[in-house]
Protein chains: 2
Amino acid sequence: METNVTLPPRRITLKDLAAELGVSTASISNAFNRPDQLSPKLRERILSEARRLGYSGPDAKARSLRTGRSRIIAVVLAESLTYSLNDAVASELLTGIAEVLDVHGHTLLLLSGRQHISQAPGSSSMADGFIAYGLMPPSLMLLADLPAQHPLVAVDFTPEGYPTVHIDNEPASYAIACHALKTLPQRPAVVTLRLTKEPCNGRITDEYEPLPAERTITRSRLAGFQRAFSEHGIDPAQVPMWNIEENTYEVCAPVLEEILDLPDDQRPDLLLCMSDRIALTALTLAEQRGLRIPEDLRLTGFDGIAEGQYRAPRLTTVRQDSVEKGRLAARMILGLAPREAKVLTTELLIGESCP
Amino acid sequence: METNVTLPPRRITLKDLAAELGVSTASISNAFNRPDQLSPKLRERILSEARRLGYSGPDAKARSLRTGRSRIIAVVLAESLTYSLNDAVASELLTGIAEVLDVHGHTLLLLSGRQHISQAPGSSSMADGFIAYGLMPPSLMLLADLPAQHPLVAVDFTPEGYPTVHIDNEPASYAIACHALKTLPQRPAVVTLRLTKEPCNGRITDEYEPLPAERTITRSRLAGFQRAFSEHGIDPAQVPMWNIEENTYEVCAPVLEEILDLPDDQRPDLLLCMSDRIALTALTLAEQRGLRIPEDLRLTGFDGIAEGQYRAPRLTTVRQDSVEKGRLAARMILGLAPREAKVLTTELLIGESCP
DNA sequence: CTGAAAGCGCTTACAG
DNA sequence: CTGAAAGCGCTTACAG
């Protein structure tokens with residue numbers, strides 16, 4: 001048998017500290033949480049004794065059970081964390097969320113929409129609230145599994161009955177398309193992002209059905225493009241479309257190579273892309289092929305990420321303030337802003353890729 | 001007075017469910033947590049009844065208090081979350097961490113080294129363990145405030161007595177410098193990252209003292225550069241150095257403009273940069289000034305981020321596998337890998353920026 | 001295979 | 001300003 005001397009030093013609790021000091025547990029708790037509930041003198045004594053004994057404050061797990069609040073807000077991301085953390089737009093959104101949470105003493109729990117229910121069962125009921133980002137029909141079912149009575153704010157999608165944060169996708173797309181169409185293209189084309197019901201990484205043929213949901217951002221952006229085409233005398237149905245399944249260089253590249261490697265007389269001379277990532281990939285690949293931008297090919301993006309503005313030629317794009325979207329969603333979830341359907345405006349940025 | 005009918009539907013608990021079904025609370029708990037502890041028939045009944053009544057499983061807050069484990073791992077980031085989420089290297093690290101946590105049913109809590117102690121007091125005691133990334137002397141004190149007896153793994157810095165994950169900074173820097181010095185430069189220069197004790201965003205003069213810590217990554221990388229200089233007959237003390245305070249385009253740009261705008265006969269013809277971000281900013285600004293890369297200016301980076309490889313000219317750099325660093329740190333914290341001091345190797349990537 | 005009971009560490013009315 | 005006591009919702013030996 002071991003002697004007592006070598007017993008593992010059990011973590012000291014609030015109760016131990018109270019016993020040690022000869023005061024009630026309430027006073028210890030108040031010393032940490034409600035300074036006005038006890039004399040400064042006693043508080044000082046408690047705090048210094050706590051430090052001395054290595055007690056670093058009330059245990060968060062116990063506190064959260066008792067109070068019902070954890071000061072944790074969970075962000076449910078549509079994609080894997082791997083993808084989301086490396087996507088400029090998602091990163092900016094998280095930035096805005098984190099900024100507001102920080103200031104208000106909350107912390108950020110990251111949940112992947114892909115698997116959080118099965119993999120971390122119940123760990124989500126720890127959060128005081130949820131911000132869900134860009135969930136698409138398959139992952140939408142997650143919402144049902146989220147603990148009831150916890151507030152939820154949806155960003156970039158529109159579930160029935162929840163507060164939302166959006167941007168003006170349709171008007172913004174319309175605006176950038178109108179700008180591009182001021183110079184009428186010979187062969188305009190559109191590159192969409194996750195538009196089809198069945199995965200399609202390439203040319204969208206008649207076999208593919210667009211996503212049913214009327215209010216996905218991808219459908220809204222396409223609607224804006226098409227309205228502009230119509231008004232400029234171009235039949236939207238005649239504009240070829242390619243679809244991208246994931247907004248990364250690796251997934252974009254083969255589709256754009258397919259487009260850029262078309263014979264000169266079939267290759268589009270205007271590419272309206274639904275994201276900057278798509279447009280930037282097109283830019284890189286076009287340069288590799290000796291195509292001149294904008295003379296041989298004009299390109300527009302969407303998002304306004306830094307990478308597209310810190311290079312030559314700069315991208316013509318729609319700048320959305322994703323950081324502000326995050327801030328707003330966080331304020332809503334913390335009850336600092338009214339929980340309603342909010343639409344942020346965007347700004348047309350004209351670069352050299354489509355002057 | 002309201003009637004009972006309109007009372008808010010109190011969230012149903014495990015106990016309620018047990019009462020409703022006429023079984024013990026233990027069986028409910030077992031139905032969710034230990035399927036082998038009860039008959040499949042009873043389990044099915046419990047699960048389906050739970051679904052019917054809107055009980056989505058045991059409450060995480062209560063469970064974590066009772067079991068002492070939350071299945072949450074906290075990552076303490078040196079910089080603000082704003083910075084970290086937009087930094088390619090930090091994002092990759094988080095990616096690797098998240099990947100392993102996901103697979104093992106854990107979730108990721110993000111803590112900013114800058115403020116988590118004061119702002120979210122105690123909320124950190126929720127985590128089962130900590131991964132601290134790149135903490136520098138000022139933030140190093142955080143370690144003392146972290147709840148005791150929780151495991152901690154340090155990445156890219158070396159606190160006394162903790163397991164660590166590192167890369168071979170000195171040899172890697174030596175290797176890339178040797179490559180660059182195969183062609184002897186007229187005017188080599190070094191751009192460091194957070195090297196000085198006092199903030200310095202610009203030329204490092206004698207007034208500035210380097211950080212005291214011998215084992216910061218920045219000191220290791222500099223040591224590698226200097227060893228290579230010496231071996232190639234260049235006195236390291238004669239090589240001018242500029243320092244950058246934050247690894248972002250905005251903060252890098254003014255310093256690099258200062259360097260690039262030097263008169264032709266003073267402007268460096270080789271720039272060894274301590275990060276790809278620095279080198280890429282130099283690249284953009286050099287191109288804007290009509291400087292030819294590599295003819296007028298050769299550039300090397302460090303990190304091997306995607307952005308440096310998906311453009312022309314490609315960056316000559318050291319590729320470190322930050323995702324793997326994250327995976328390893330996560331495995332250590334979960335007890336799936338031995339908690340030791342681990343050093344990952346890197347790879348020299350030769351691009352067109354310094355052939 | 002099932003149930004009764006203790007207790008994880010705290011916070012908060014409430015009485016003094 | 002301080003203290004005694006209840007209870008947040010669960011899990012887990014343990015006895016049956």
Side-chain angles (χ1 to χ4, degrees), chain A residues 10-46 49-50 53-71 121-128 147-150, chain B residues 10-46 49-50 53-71 121-128 147-150:
Chain A
R10 197 172 62 77
R11 206 156 139 307
I12 188 174
T13 69
L14 182 147
K15 208 168 145 194
D16 300 334
L17 187 57
E20 187 77 27
L21 281 167
V23 302
S24 80
T25 58
S27 294
I28 309 286
S29 175
N30 286 332
F32 282 95
N33 300 319
R34 306 195 292 185
D36 55 312
Q37 298 294 300
L38 76 178
S39 64
K41 198 163 133 58
L42 178 57
R43 176 156 193 262
E44 247 335 298
R45 184 164 150 248
I46 291 175
E49 201 65 358
L53 296 173
Y55 180 72
S56 53
D59 178 75
K61 295 194 271 293
R63 186 219 298 261
S64 73
L65 172 58
R66 179 56 231 234
T67 64
R69 310 198 321 110
S70 61
R71 302 186 146 260
S123 142
S124 60
S125 59
M126 192 123 241
D128 293 341
Q149 338 216 278
H150 285 220
Chain B
R10 197 172 62 76
R11 206 156 141 306
I12 188 173
T13 69
L14 182 147
K15 208 169 146 192
D16 300 333
L17 187 57
E20 186 77 26
L21 280 166
V23 302
S24 78
T25 58
S27 293
I28 309 285
S29 175
N30 286 332
F32 284 95
N33 300 319
R34 305 194 293 185
D36 55 312
Q37 297 294 301
L38 75 178
S39 64
K41 197 162 133 57
L42 178 57
R43 176 156 192 262
E44 249 334 298
R45 183 162 151 250
I46 290 175
E49 200 66 357
L53 295 172
Y55 180 73
S56 52
D59 178 75
K61 294 194 274 290
R63 185 218 300 259
S64 72
L65 173 59
R66 178 57 230 231
T67 63
R69 310 197 323 108
S70 61
R71 300 185 150 261
S123 142
S124 59
S125 59
M126 193 125 241
D128 292 342
Q149 338 218 278
H150 286 220

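Here is the naming used below: chain letters follow the sequence lines, and residue numbers restart at 1 for every chain. Please read these numbers as outputs of a predicted model, since none were measured by experiment. Keep in mind that the numbers below use all heavy atoms, side chains included, and drop hydrogens, waters and symmetry copies.
Atom CG of residue D59(A) and atom CZ of residue R66(A) lie 14.5 Å apart, to the nearest 0.5 angstrom. Separating the NZ atom in K41(A) from the CZ atom in R45(A) is a distance of 8.0 Å, to the nearest 0.5 Å.
DNA chain D is contacted by D36(A), Q37(A), L38(A) of residues 30-38 of chain A, taking any non-hydrogen atom closer than 4.0 Å.
Applying the 4.0 Å criterion to OP1 and OP2 of dG9(D), one finds that Y55(B) has every side-chain N and O outside that range. Put simply, S27(B) has a side-chain N or O that comes within less than 4.0 Å of OP1 or OP2 on dG3(C).
Residues I46(B) and R43(B) are not in side-chain contact: their nearest non-hydrogen atoms beyond the backbone lie 4.5 Å or more apart. Looking at heavy atoms from C-beta onward, S125(A) lies out of side-chain contact with K61(B) at the 4.5 angstrom threshold.
When distances are taken from the side chain of T13(B) to each of dG9(D), dA5(D), dG9(C), the shortest belongs to dG9(D). With distances taken from any side-chain atom of D59(B) to the nucleotides dT12(C), dC10(D), dG3(C), the minimum falls on dC10(D). Closest to the side chain of T25(A), out of dC1(C), dA5(D), dG9(C), is dA5(D). Side-chain proximity of L65(B) to dG3(C), dG9(D), dT11(C): nearest is dG9(D). You'll find that the side chain of A26(B) is closest to dA4(C), out of dA4(C), dT12(C), dC10(D). Considering only the side chain of T67(A), dT11(C) comes nearest among dT12(D), dT11(C), dG3(D).
Spacing between atom CE of M126(B) and atom P of dG9(C) amounts to 13 Å, rounded to whole angstrom units. A straight line from NZ of K15(A) to P of dC8(C) spans 6 Å, rounded to a whole angstrom. Whole-Å rounding puts the R66(B) CZ to dT11(D) C1' distance at 4 Å. Between the CZ atom of R43(B) and the P atom of dT2(C) there is a distance of 13 Å, given to the nearest Å. Between the CZ atom of R69(B) and the P atom of dG9(C) there is a distance of 16 Å, given to the nearest Å. A straight line from CD1 of I46(B) to C1' of dT2(C) spans 10 Å, rounded to a whole angstrom. One can place CG of L14(A) at 14 Å from C1' of dA4(D), the figure rounded to the nearest angstrom.
Legend: residues meeting side chain to side chain donor-acceptor pair (under 3.5 Å) with E20(A), ordered by chain and number and at least two apart, are absent. Q37(B) pairs by the side chain to side chain donor-acceptor pair (under 3.5 Å) definition with nothing, not counting sequence neighbours. In this view, E44(B) satisfies the salt bridge (charged side-chain N to carboxylate O under 4.0 Å, His left out) rule with no residue, not counting sequence neighbours. Residues that satisfy the side chain to side chain donor-acceptor pair (under 3.5 Å) test with R69(A), not counting sequence neighbours, are absent from this structure. Every residue two or more places apart in sequence or in another chain that forms a side chain to side chain donor-acceptor pair (under 3.5 Å) with S70(B) is listed here: D128(B).
Of all heavy-atom pairs spanning P58(A) and F32(A), the tightest one is CD-CG, 3.6 Å. Scanning all heavy atoms of the two residues, the minimum distance from L17(B) to Y55(B) falls at CD2-CD2, 3.6 Å.
Comparing S39(B) and G57(A) along DNA chain C, the residue whose closest nucleotide (by nearest heavy atom) sits nearer the 5' end is S39(B).
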Atom pairs under 3.5 Å, N or O on each side, protein against nucleotides 14-16 of chain C: can you list them with distances?
none

### Task
Starting at the 5' end of DNA chain C, write a dot or bracket for each base, bracketing those in Watson-Crick or G-U wobble pairs whose two distances are under 3.5 Å and using | for partners on another strand.
|||.||||||||.|||

Distance-only criterion, 3.5 Å: show the donor-acceptor pairs between side-chain atoms of residues 21-31 of chain A and protein atoms not counting sequence neighbours.
{"unit_1": "S24(A)", "atom_1": "OG", "unit_2": "A26(A)", "atom_2": "N", "d": "3.3"}
{"unit_1": "S24(A)", "atom_1": "OG", "unit_2": "S27(A)", "atom_2": "N", "d": "3.3"}
{"unit_1": "S29(A)", "atom_1": "OG", "unit_2": "N33(A)", "atom_2": "ND2", "d": "3.4"}
{"unit_1": "N30(A)", "atom_1": "OD1", "unit_2": "R34(A)", "atom_2": "NE", "d": "3.3"}
{"unit_1": "N30(A)", "atom_1": "ND2", "unit_2": "A26(A)", "atom_2": "O", "d": "3.2"}

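The residue I28(A) sits apart from the nucleic acid: no heavy atom pair falls under 4.0 Å.
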